[in-house]
Amino acid sequence: MNNIAPKLSAKEYESNFAELKPALTDIAAHAEANRCLYCFDSPCMTACPTHIDISTFIKKIATGNMKGSAKTILSSNWVALTCAKACPVDVLCEGACVYNDKGEKPIQIGRLQRHVMDWYVENGMPQLFTPAPKNGMSVGVIGAGPAGLACAAELSILGFDVTIYEAHKIPGGLDTHGIAPYKMKQQDSLNEVKMIKKLGVKTKTGALIGKTISISKLEKLHDAIFIGTGLPKPTELKIPGENLAGVFNALDFVEDVTKRNWKSVKVGKRVAVIGAGNTAIDAATEARRLGAIEVYMIYRRGREQMSAYDFEYELAKSDGIKFYFHSQPKRIVGKKKVEALECLETKIVDGKLKPVPRSEFKIPVDMVIKAVGQNIDDSFLSSIPDLKIEDGMVVVDGKTYQTTNPKYFAGGDCINGGKEVVNAAYDGKRAAYGIRKWIFGE
Ligand code: SF4
């Protein structure tokens, strides 16, 4: 990289990556819990993809029953701490709270859920569920992200012997490696992994399916297999200059930042982030908070078509990120290292987005972060017999999560193309029941 952003002081890094939504005090949580109307039809619960009984867990906070509250939450969602901190609550549970209709501030459901889960972790994560007696069946779970963890936890409670196979050395998937530190700490996700291991789930890290363990061995070891491998492969830009020094994939960059060794993360003085989804916003705001002087987001469509949530967009703007809408990268310029990003303007012609001829312009930058999407890892998936993959997603039955190979089930980003952690948590849990139904017919 030509120009590295100046290093900040430890205090500045801590301040830049401080939690955006800090913990509520006991008094504040109690007061907030008492604001809840405990609606009989709880629209907040309907809006939550895992359907946590929100009014009940809030009521239990109000009555001081924290253990009961944790049990209510965890009985619906095994990664509830991550979801409390990383879920887009504004568009899910809090967005559905009846207080919005009155023009008043919705109940801070996310922060209340975090309050309970923090209490649960601080109190040593006491056992809340009694696993069923062992049923003699074994399930292999590929991927220790939220879908795999949720599936493994639920199966363990149902009496299955469960082993998770994770390619990374540290489990947790995107919850551990892909969430911006101002939303949650890596340790939060690791605490959830610890809790799930306490249920008897075994984990094998550094396990590469098809390399360190073959598909046939996996099939011999287990009666059913759950695939929760997410979308690990970044989409390429396929433009000249993509291999220059100073070009990074967004998830690699975000993963580096989650380690909290701020000083060791290389950031250019001027950074271009290509893409406009939530990961792109995370990468842009993180680059800025690490000391980049100028950060640009490049997107070929307009503001209205951005897939990032409004609050993510507002966060990026408040961090001083500059947006180039209707701009399509043409090439990354440089001899050995990134020196500039050349783009073309775009416009809609006959209903199709097209680059405008001779509209080239250059943005001088030292670093380019690619955040234009992720794909499934078909290197081993394609070797599973009869496993159907369509439009880059593993095809499953909508109710049982069984794939087209009956021994395999799947959930999370690899079946939905990339949604929220909470969707993956729901898929994993439902798939556990699909597996039980297939094996025992219940
Ligand atoms: Fe409480 Fe709002 Fe849910 Fe009603 S909608 S139960 S007020 S959080």
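One is the number of the first residue; the rest follow in order along the sequence. All ligand and atom numbering here is 1-based and tracks the order in the structure.
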Consider only side-chain N and O atoms of H222 and Y165, and report whether a donor and an acceptor are under 3.5 Å apart.
yes
Distance from atom 2 (Fe) of ligand 1 to nearest protein heavy atom, with residue and atom:
C97 SG, 2.4 Å
Considering only heavy atoms of S55, which atoms of ligand 1 have at least one such atom less than 4.0 Å away?
6 (S)
Are the aromatic rings of W78 and Y426 close, with centres under 6.0 Å apart?
no
Please list the nearest protein heavy atom to atom 4 (Fe) of ligand 1 with its residue and the distance rounded to 0.1 Å.
C39 SG, 2.3 Å
Run through K183, R111, K85 and flag the one making a salt bridge (Lys or Arg N to Asp or Glu O under 4.0 Å) with E19.
K85
Do me a favour and list the nearest non-hydrogen protein atom to atom 3 (Fe) of ligand 1 with residue, atom name and distance?
C44 SG, 2.4 Å
For the residue pair R289 and Y13, establish whether any side-chain heavy-atom pair is separated by less than 4.5 Å.
no
Apply the side chain to side chain contact (heavy atoms under 4.5 Å, CB included) test between L387 and each candidate in D378, L381, V395; give the one that qualifies.
L381
What protein heavy atom sits nearest atom 7 (S) of ligand 1, and how far off is it?
L37 N, 3.4 Å
Nearest to atom 1 (Fe) of ligand 1, what protein heavy atom do you find, and at what distance?
C36 SG, 2.3 Å
